[in-house]
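As a basis for the values below, the full set of heavy atoms in this structure was taken, side chains included, without hydrogen atoms, waters or symmetry mates. Just so it is clear, the structure is predicted and the values come from calculations on it, not from any experiment. All residue numbers refer to positions in the sequence shown, counting from 1.
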Amino acid sequence: FYRASAKQQAKALGLNGYAKNLSDGRVEVWLEGAPQAITQMQQWLKIGPSAAIVEQVIYQPCESLNLSGFEVQ
């Protein structure tokens, strides 16, 4: 439920973006929004929902895709 929980958290923080599974088992999360909200989401991503086992989180600044809403892919 990591992606679905990420969507709930992102929506609560007013962020746009997506969360999707990658073929190697990792989850990619794209975030767009206020810097403070992104920082809060980054902290949440390190922990995730209660049943999640998060081994590593890597942050990489990117150009905006001008997304609207937050999707699970």
Side-chain angles (χ1 to χ4, degrees):
F1 296 103
Y2 191 88
R3 293 175 302 143
S5 297
K7 178 179 181 175
Q8 288 179 329
Q9 186 70 17
K11 289 181 102 179
L13 292 170
L15 294 169
N16 296 317
Y18 63 80
K20 70 177 179 178
N21 286 337
L22 301 179
S23 61
D24 62 5
R26 295 179 298 144
V27 176
E28 177 180 272
V29 178
W30 185 279
L31 301 171
E32 295 182 1
Q36 183 177 1
I38 289 176
T39 298
Q40 288 179 300
M41 186 68 176
Q42 288 172 331
Q43 294 303 314
W44 182 90
L45 290 170
K46 291 179 185 178
I47 301 166
S50 61
I53 299 171
V54 180
E55 295 179 6
Q56 182 180 30
V57 176
I58 299 170
Y59 305 111
Q60 182 177 2
C62 300
E63 298 274 333
S64 175
L65 296 177
N66 295 316
L67 300 174
S68 178
F70 195 94
E71 300 297 323
V72 172
Q73 300 178 354

Distance-minimising heavy-atom pair for I47 and A52: O-CB, 4.1 Å
Y18 side chain to Q73 backbone, donor-acceptor under 3.5 Å: no
Non-hydrogen side-chain atoms of W44 and L13 separated by less than 4.5 Å: no
Donor-acceptor contact present, side-chain Y2 to main-chain L45, <3.5 Å: yes
Result of checking K46, M41, Q40 against Q43 for side chain to side chain contact (heavy atoms under 4.5 Å, CB included): K46
Main-chain N/O of V27 paired with R3 side-chain donor or acceptor, under 3.5 Å: no
Heavy-atom donor-acceptor pair, N16 side chain to G69 backbone, under 3.5 Å: yes
Within one Ile-Leu-Val-Met-Phe-Trp-Tyr cluster: V57 and F70, side-chain cutoff 4.5 Å: yes
Y59-I38 co-clustered via ILVMFWY side chain contacts under 4.5 Å: yes
Interatomic spacing from OG in S64 to CG in L31 - rounded to 0.5 Å: 11.5 Å
From W30 atom CH2 to E71 atom CD, the distance as rounded to the nearest 0.5 Å: 15.5 Å
Short side-chain to backbone donor-acceptor contact, E32 and L65, under 3.5 Å: yes
